[in-house]
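Structure, as structure tokens:
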There are 2 protein chains.
Amino acid sequence: MLQFDTLTLDSHSPIYLQILRFIKQEIASGTICYGDELPSRRVLSALLGVNPNTVQKAFHLLEEEGIIESRAGAKSVIAADEAAANRLRAELREVEARSAIQLLRESGLTKKEALALIEQFWDQPPERSDG
Amino acid sequence: MLQFDTLTLDSHSPIYLQILRFIKQEIASGTICYGDELPSRRVLSALLGVNPNTVQKAFHLLEEEGIIESRAGAKSVIAADEAAANRLRAELREVEARSAIQLLRESGLTKKEALALIEQFWDQPPERSDG
DNA sequence: AAAACTGTATTACTGATATAATACAGTTAG
DNA sequence: CTAACTGTATTATATCAGTAATACAGTTTT
């Protein structure tokens with residue numbers, strides 16, 4: 001079953017979006033696939049220490065995207081087949097790339113400069129100034 | 001004086017942050033420098049079509065960072081000298097690069113993949129799906 | 001001094017987020 | 001069948017970010 005040990009919540013974005021993205025990534029990477037059961041809303045919310053409604057919000061959005069399938073009473077299952085997972089993987093990468101590009105563009109960087117900066121800082125831990 | 005014609009507001013991030021970053025960038029690029037006057041909160045807010053307090057929020061943060069100097073009654077002026085502007089330029093680039101890197105890391109991309117995606121999508125306009 | 005500007009402070013409204021407490025209905029396991 | 005689980009829906013509350021409206025106080029200008 002889906003392991004949620006690797007999902008660590010931060011405060012940078014809404015919890016329901018973090019859950020949403022995590023599950024998308026797990027599907028994209030093949031950790032879970034078509035037909036697999038998801039933990040129930042109540043169980044997952046207990047695991048993560050959040051409110052059941054927060055999990056429900058994420059699941060509801062996944063349902064709307066056709067990524068999972070839910071029937072009242074039964075556990076939700078993955079509805080995305082292998083082809084859908086591949087599309088999801090491409091989509092996720094493109095979305096992330098575009099977000100990053102938008103950020104870099106906004107600061108007036110050229111493509112060349114942006115690539116060089118990413119090269120430079122990718123492996124470098126952020127400096128602590130502490131002041 | 002500082003031209004705000006080149007500042008176009010979008011809805012992707014808070015207005016006050018867009019204003020804040022714009023002014024930082026103008027200082028970093030040398031468009032405005034030490035001693036230059038900024039337009040008043042009210043004038044700028046009218047120019048941008050936003051609330052004066054939204055501008056105030058940006059200016060207040062700039063003041064806290066020591067980038068501008070404000071006295072009640074008089075217009076705010078740039079407090080950052082040339083050295084500070086240079087530091088600002090480097091800082092802006094690093095901050096943007098790190099934000100972008102964080103985004104890309106979160107989706108499990110390697111540096112190589114990230115660079116390739118940015119190469120690929122930099123010049124491509126986003127697709128419209130429209131449904 | 002007075003008018004017209006300036007920065008500053010306070011308060012309020014809105015929407016998004018997160019949580020909570022229930023309630024209801026369908027499925028599954030015993 | 002029944003108990004214990006499921007998903008779903010509703011309503012309420014609290015908080016925060018962002019924006020807005022307004023009042024107040026200091027300066028510059030005339």
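Chain letters run A, B, ... following the sequence lines, proteins first and then strands; every chain starts at 1. These numbers were taken from a predicted model, which means no experiment stands behind them.
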Between D:dT27 (P) and B:Glu69 (CD): distance, integer Å: 14 Å
Partners passing side chain to side chain donor-acceptor pair (under 3.5 Å) against B:Gln56 (at least two apart in sequence or in another chain): B:Arg41
Note the angle between the end axes of the helix from C:dA1-D:dT30 to C:dG30-D:dC1, five pairs defining each, rounded to 10 degrees. 10°
Atom-to-atom span, NZ of A:Lys57 to C1' of D:dT10 - whole angstrom: 15 Å
Those residues that, when tested against A:Glu69, pass salt bridge (charged side-chain N to carboxylate O under 4.0 Å, His left out) (two or more places apart): none
Taking salt bridge (charged side-chain N to carboxylate O under 4.0 Å, His left out) as the cut-off, I'd like each qualifying pair that reaches into residues 9-21 of chain A, sequence neighbours left out, listed once. A:Arg21-B:Glu106
Can you check the B:Leu61 CG to D:dG18 P distance for me, whole Å? 10 Å
Expressed as a whole number of angstroms, how long is the span from A:Gln18:CD to C:dT17:P? 12 Å
B:Phe22: ring pair (Phe, Tyr, Trp, His ring centres under 6.0 Å) partners, not counting sequence neighbours: B:Phe4
With sequence neighbours excluded, tell me which residues meet side-chain contact (heavy atoms from CB on, under 4.5 Å) with A:Leu17. A:Pro14, A:Leu20
Could you state the CG-P distance from B:Leu20 to D:dT19, rounded to the nearest angstrom? 13 Å
Grouping I, L, V, M, F, W and Y whenever their side-chain heavy atoms are under 4.5 Å apart, do A:Leu61 and A:Ile68 come out in a common cluster? yes
The criterion is salt bridge (charged side-chain N to carboxylate O under 4.0 Å, His left out); which residues satisfy it with A:Glu63, sequence neighbours excluded? none
Whole-Å distance between C:dA16 P and A:Leu17 CG? 13 Å
Looking at residues at least two apart in the chain, or sitting in another chain, which of them share a side chain to side chain donor-acceptor pair (under 3.5 Å) with A:Asn53? none
Taking protein heavy atoms under 4.0 Å as touching, what does nucleotides 1-12 of chain C look like 5' to 3' if B marks base contact, S marks sugar-phosphate-only contact and - marks none? -----BBBBB--
Just N and O in the side chain of B:Tyr16: are any of them under 4.0 Å from OP1 or OP2 of D:dG18? yes
